[in-house]
There are 2 protein chains.
Amino acid sequence: MGATTGIKDVARLAGVSVGTVSNVLNHPERVAEATRLRVRQAIAELGFVRNDSARQLRAGNSRQIAIVVLDVTNPFFTDVVRGAEMAAEDHGVLVVVCNSSESVDRERRHLDVLEEQRVRGVLITPVDDAHTSRLELLIARGTPVVLVDRGSGWPSRCSVAVDDVFGGRLAAEHLIARGHRRVAFVGGPMSIQQVIDRHRGFSAALGKTARLITVDTPNLTVTSGRVAAGQLAELPAQQRPTAVFCANDLLALGVLQGLTHRGLRVPEDVAIVGYDDIEFAAAAAVPLSSVRQPREQLGRTATELLLDEIQANGDHQHRHVLFQPELVVRASTEKVP
Amino acid sequence: MGATTGIKDVARLAGVSVGTVSNVLNHPERVAEATRLRVRQAIAELGFVRNDSARQLRAGNSRQIAIVVLDVTNPFFTDVVRGAEMAAEDHGVLVVVCNSSESVDRERRHLDVLEEQRVRGVLITPVDDAHTSRLELLIARGTPVVLVDRGSGWPSRCSVAVDDVFGGRLAAEHLIARGHRRVAFVGGPMSIQQVIDRHRGFSAALGKTARLITVDTPNLTVTSGRVAAGQLAELPAQQRPTAVFCANDLLALGVLQGLTHRGLRVPEDVAIVGYDDIEFAAAAAVPLSSVRQPREQLGRTATELLLDEIQANGDHQHRHVLFQPELVVRASTEKVP
DNA sequence: GGGTGCTTGTGAAACGTTTCATCGTCTCGC
DNA sequence: GCGAGACGATGAAACGTTTCACAAGCACCC
């Protein structure tokens with residue numbers, strides 16, 4: 001314990017110099033086979049484990065990248081993380097996962113530590129577009145950064161995001177094709193860019209073909225969905241929408257519960273389309289149609305952009321990758337025979 | 001970038017020695033206020049960021065612990081992670097999250113890297129009780145390890161887990177109190193210790209009071225739940241159980257769907273109790289009664305045990321903490337008026 | 001037999017901190 | 001006016017690696 005065995009001990013036991021041991025570790029081809037074997041044997045015998053701090057100190061940088069997410073318990077982000085991990089693994093790079101828990105302060109502290117660790121790069125969904133000075137400092141000092149799900153406002157960085165306007169359009173086209181002419185949008189608050197975009201795409205694609213009622217919600221939770229369902233159910237049948245598009249799946253689940261509770265059938269009386277395609281969309285009492293985002297792909301691509309920027313020393317073109325979501329159709333919009 | 005500013009540059013600008021700068025960083029009270037301010041000013045001016053590798057190299061150990069989980073996308077583990085993070089934060093320690101994805105090989109690689117990083121300790125749910133040699137090596141070389149949700153078989157380590165036998169009992173007592181005398185257990189495969197324990201506790205608490213039908217499932221998914229519901233629904237009404245206890249919430253959601261689909265009402269015809277109390281248990285079409293595990297508490301306690309072992313140099317008593325789950329009662333077992 | 005080139009191995013100099021023994025300077029009490 | 005402390009600051013020695021200029025040995029060719 002106390003006296004950790006170092007490269008020196010290995011060298012002594014194998015009867016070579018420390019430089020040779022280091023070469024066995026990092027450039028085995030420079031060492032004659034016999035020597036290499038002898039050193040390997042000594043390493044095994046002593047249970048030597050390389051001290052990464054010393055290596056990093058000498059090398060000047062680490063072999064890890066970090067991903068800072070808003071919420072580790074959110075399925076969206078865990079999938080993004082998994083995608084990032086897979087891509088990083090392919091390149092022999094390690095991913096450190098940090099959780100800002102939507103707190104500006106915690107985000108700042110994480111960036112402090114990451115910079116002390118000299119991580120090679122950072123993937124991040126910033127908590128707040130207004131408090132980014134710490135992040136800008138990191139960038140200014142030379143750490144590559146890729147923005148995840150926050151395309152706008154950072155033209156000078158790489159970013160990956162999903163096209164929410166298009167997602168809204170997908171939902172609208174699907175409902176129109178199913179013959180709906182009175183539809184509702186449930187979502188909010190309208191300060192969230194994602195909600196705005198989904199609403200915009202939805203509304204634009206409806207055009208004059210269908211009438212749109214917008215129900216603004218205070219947040220994106222199941223409870224808000226239930227409340228919204230109440231408002232819709234109270235309308236006289238002739239004015240009541242025959243389909244609802246929700247800004248995320250939690251709302252959709254709430255709307256489903258609320259409507260069912262009031263005796264309206266899904267999809268016969270009211271069809272529902274959600275957003276995100278979380279695992280439980282398929283497992284709901286009436287499986288939900290939903291707009292699916294390529295979450296893993298998001299993480300994977302972000303990582304590849306980052307690694308590219310790290311490797312291409314200097315001459316790197318920043319890119320903004322926008323993914324197209326897809327609609328997954330299930331029972332909540334498809335009348336079962 | 002290339003020429004990173006170090007403690008030396010700060011010292012020069014502030015007109016002091018490097019030792020003094022280091023003291024400002026680590027033992028501010030040893031430095032006179034005027035000097036301290038001057039140094040701080042220089043640090044800010046140069047944008048100096050301490051190099052953690054060098055610090056660690058000198059100090060001999062890091063200030064981070066690691067948690068190795070089976071699956072980052074599983075809500076159970078993300079909550080455990082959050083608990084660990086919270087506890088660690090209180091002690092100024094950092095948590096590195098590693099994802100073994102239930103792969104023995106990936107677990108081994110993670111442990112390799114963590115040992116090179118000289119983490120202070122490791123929280124881990126081992127992938128496989130049969131392939132633990134890498135972990136034992138880590139322990140043998142002196143890194144403290146606490147086992148999470150894997151109590152048995154490691155008497156010589158600290159561990160935290162939840163009492164699954166008691167959880168089964170809770171479900172049984174609740175159903176008996178509600179007057180059920182024909183009940184079913186849905187879960188499997190019976191090779192999983194957790195499933196065995198839940199079944200055992202459930203069965204034992206029923207005793208002779210109620211008749212038990214056990215439906216063995218191939219796994220713990222929503223689909224399996226639906227299939228199981230089909231089997232139950234086919235029974236003639238006099239033999240059909242009036243309540244079902246499922247080994248986890250996914251199964252329970254599947255059973256709920258399956259029963260509803262076949263025209264049986266929950267809870268009027270059949271009551272359901274799930275296990276885990278995942279977020280969607282409350283959001284289901286019929287909100288599910290469920291046995292809740294203190295997931296965050298699990299992570300928090302594991303971290304505290306680990307930190308205790310780290311601090312108490314040598315004289316540390318290994319402990320095995322077993323948490324008691326609690327029953328959350330919702331509409332799926334409570335006839336709504 | 002001397003020059004050339006290749007393969008292996010060497011050993012010391014970094015890398016940027018922290019620590020620690022030491023030294024100067026002040027203050028205070030007598 | 002002197003010794004005892006307290007207080008601040010110093011600078012060199014670690015920490016364990018990687019790198020790099022160089023040397024030793026050997027084979028080969030003219």
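Sequence lines set the chain letters: A, B, ... in the order given, protein chains first and strands last, and positions in each chain run from 1.
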- Item | Near-strand residues of residues 40-62 of chain A, defined as heavy-atom separation under 4.0 angstrom from DNA chain C | A:Leu57, A:Arg58
- Between A:Gln194 and A:Asp149: side-chain donor-acceptor atoms closer than 3.5 Å: yes
- B:Glu102 side chain near B:Asp128 side chain, heavy-atom distance below 4.5 Å: no
- Task: Report yes if the side chains of B:Arg109 and B:Asp105 come closer than 4.5 Å at any heavy-atom pair, otherwise no.
- Result: yes
- Item | Side-chain heavy atoms of B:Val69 within contact of B:Val81, under 4.5 Å | yes
- Task: Just call it for A:Gly6: base, sugar-phosphate, or nothing, with non-hydrogen atoms closer than 4.0 Å on any strand.
- Result: sugar-phosphate
- Item | Verdict with reasoning, A:Arg134 to A:Asp112, per salt bridge (charged side-chain N to carboxylate O under 4.0 Å, His left out) | CA-CA 8 Å; A:Arg134 181 63 189 83; A:Asp112 283 348; 2.7 Å; yes
- Establish, yes or no, whether a centroid distance under 6.0 Å links the rings of B:His320 and B:His318. no
Distance-only criterion, 3.5 Å: show the donor-acceptor pairs between side-chain atoms of residues 118-125 of chain A and protein atoms not counting sequence neighbours.
{"from": "A:Arg118", "atom 1": "NH1", "to": "A:Glu115", "atom 2": "O", "distance (Å)": "3.0"}
{"from": "A:Arg118", "atom 1": "NH1", "to": "B:Arg50", "atom 2": "O", "distance (Å)": "3.4"}
{"from": "A:Arg118", "atom 1": "NH2", "to": "B:Val49", "atom 2": "O", "distance (Å)": "3.0"}
{"from": "A:Arg120", "atom 1": "NH1", "to": "A:Asn61", "atom 2": "OD1", "distance (Å)": "3.4"}
{"from": "A:Thr125", "atom 1": "OG1", "to": "A:Val148", "atom 2": "O", "distance (Å)": "3.0"}

- List the protein contact pattern of nucleotides 4-9 of chain C with one symbol per nucleotide (5' to 3'): B for base contact, S for sugar-phosphate-only contact, - for none; contact means a heavy-atom distance under 4.0 Å. ----SS
- When rounded to whole Å, the CD1 to P distance for the pair A:Ile7 and C:dG11 reads 14 Å
- Which comes earlier along DNA chain D counting from the 5' end, the contact point of B:Val18 or that of A:Gly19, where each point is its nearest nucleotide? B:Val18
- Query: Looking only at side chains, do A:Glu29 and A:Asn23 share a donor and an acceptor under 3.5 Å apart?
  - Reply: no
- Going through the distances and angles, do B:Arg106 and A:Glu89 end up as a side-chain contact (heavy atoms from CB on, under 4.5 Å)? CA-CA 10 Å; B:Arg106 208 180 304 243; A:Glu89 191 172 14; 2.8 Å; yes
- Message: Test of understanding: with ring-ring contact (aromatic ring centres under 6.0 Å, His included), list the residues that count as partners of B:His131, not counting sequence neighbours.
- Response: none
- Message: Can you confirm whether the side chains of B:Asn99 and A:Glu85 place a donor and an acceptor under 3.5 Å from each other?
- Response: yes
- Query: Taking NZ, NE, NH1 and NH2 as the nitrogens, is one of them in B:Asp308 or B:Arg319 under 4.0 Å from a carboxylate oxygen of the other?
  - Reply: no
- Query: If you walk 5' to 3' along DNA chain D, what is the first nucleotide with an atom under 4.0 Å of a heavy atom in chain A, and what is the last?
  - Reply: D:dG16 to D:dT19
- Message: Angle between the two end axes of the helix from C:dG1-D:dC30 to C:dC30-D:dG1, five base pairs per end, rounded to 10 degrees?
- Response: 50°
- Short side-chain donor-acceptor distance under 3.5 Å, B:Glu107 and B:Ser100: no
